[in-house]
Amino acid sequence: MSTRRTALLLLADGRFPAGAHAHSGGAEAAVRAGRIDGPATLAAFCRGRLHTTGLVAAALAAAACAGCDPYALDAAADARTPTPALRDTARKLGRQLLRAARATWPAPELHAVAATRPRGLHQPVVLGLTARAAGLTPHDVAQAAAYDTVSSPATAAVRLLSLDPFDATAVLAGLADAMDAVAAQATAAAEAVLATGSTDHLPAASAPLLDITAQQHAAWPVRLFAS
Amino acid sequence: MHLDHPETFPHRHTWSSAAPTLPDGTRRALRIGLGGPVGSGKTATVAALCRALRDRLSIAVVTNDIYTREDADFLLRNAVLPPERIAAVETGACPHTAIRDDISANLEAVEELEERTGPLDLVLVESGGDNLTATFSTGLVDAQVFVIDVAAGDDIPRKGGPGVTTADLLVVNKTDLAPYVGSDLDGMARDAKAQRGDLPVAFTSLRGEDGVRPVADWVLERLAAWTAGRPVRAAAV
């Protein structure tokens, strides 16, 4: 871990103004389908998301932070995101994060991404670039990405189910070791990408049900969350 | 590698509404927020403003529905503006977060409208119905209107709260209903004066002929100040 712990806290804070509050990380669809109905099923959902989408996001973020080509990473993220709705969401959140990052930790490479890719890069790639601008390490941002993967559905479940917030927070605490393990695995993958120059070393774990329900959710006429 | 690029690129995105000019150097549209409790007439006010001003101004609207596209659809159904001039932002069950604490989605919507439809004079940002503490970030809008109505209780101005107390314009809507719900308009005006000092209050009945006129006139005054490069907020004049 880097010595810049406060910058990491700032970036990982759910109140960081980058648009995440409007997204449930698939929890809204899972609640509607009855797959999340309390703390135990929330924990199972979060664990599944962490080891699939979370691992990929953490590795993308760590690789971007390490200095790998963000545009190649963005293409790799597309290849690992089969659902158009989730690609759109990832780029939208990437644009919103980039806006906050450029104001918070101004850096030429952030401004360059905004200018060359006005439609945005996948959020984990921008997260990695942001961490780089903030002086954080690849392992730091892998942890932030892993945490982000599970904190979004947990927060959303509190709003969607009126779940006891203490229970939801306890679910996150219970996943701490798993998040640390995913962050370590993602950091190792990012080091391999940096050493070889090939994004093939990025993990490609997928959660088909999250992909399918995200596409369905995007067509709901009435919903609380954007994704 | 595209890192540390030596060129200086033109910035597509402003970080906030603090910058009054677009990347091409032209002055961006004036941004006015409309907030207030559920059912007070925010969407009806936006629709009436569009009808009153659309022939002389280039206008766009951003809506922030709580869980549907109801408000955006209302504006589309009533054809107050062409569809490409209306954008809906989703707020994850927290309308005040999207207009105050994390404004990134709204800023993006405003900028996309401005890019999509060409030069705009005015962008109206309508909040989802919320409580008396909901106010807009100064990073999102240049001035804000808080809309309440007489039927929700004539004690709202007395209760105050950031919306009633600090909004650049307080609109008290549905005055035509006052006799039927026993609301005291003079008392509301006195309470509003006590809470707001010299900040203006408009009493409206949108059912009447040209009922939105007081709000439309206020918007035009703000726009004149904006265009002339003078302070937009009434308190700063």
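Each chain gets a letter, A, B and so on, in the order the sequences are listed, and its residues count up from 1.
- By the neighbour-count criterion of 12 heavy atoms within 6.0 Å, atom CZ of B/R27 is densely surrounded, having more than that number from other residues, nucleotides or ligands.
- Interatomic distance, NE2 of A/H21 versus OG1 of B/T91, reported as 7.5 Å (0.5 Å rounding).
- With sequence neighbours excluded, the residues satisfying salt bridge (charged side-chain N to carboxylate O under 4.0 Å, His left out) with A/D74 are A/R91, A/R117.
- Annotation: A/F16, atom CZ; neighbour count of heavy atoms from other residues, nucleotides and ligands within 6.0 Å is above 12.
- Contact annotation for A/A226: both backbone and side-chain heavy atoms come within less than 4.5 Å of a heavy atom of chain B.
- Heavy atoms only, all atoms of each residue included: B/S104 and A/G19 are closest at OG-N, 3.3 Å.
- Here the closest non-hydrogen pair linking B/D102 and A/A18 is OD2-N, 3.1 Å.
- Using a cut-off of 4.0 Å between Lys/Arg side-chain N and Asp/Glu carboxylate O, A/R95 and B/E111 are scored as not salt-bridged.
- The 12-atom threshold is exceeded at CZ of B/R116, counting heavy atoms of other residues, nucleotides or ligands nearer than 6.0 Å.
- Using a 4.5 Å cut-off between heavy atoms, A/A72 does not touch chain B at all.
- Sorted by first and then second residue, the pairs that involve residues 217-227 of chain A and meet side chain to side chain donor-acceptor pair (under 3.5 Å), not counting sequence neighbours, are A/H23-A/S227, A/E28-A/H217, A/R223-B/E90.
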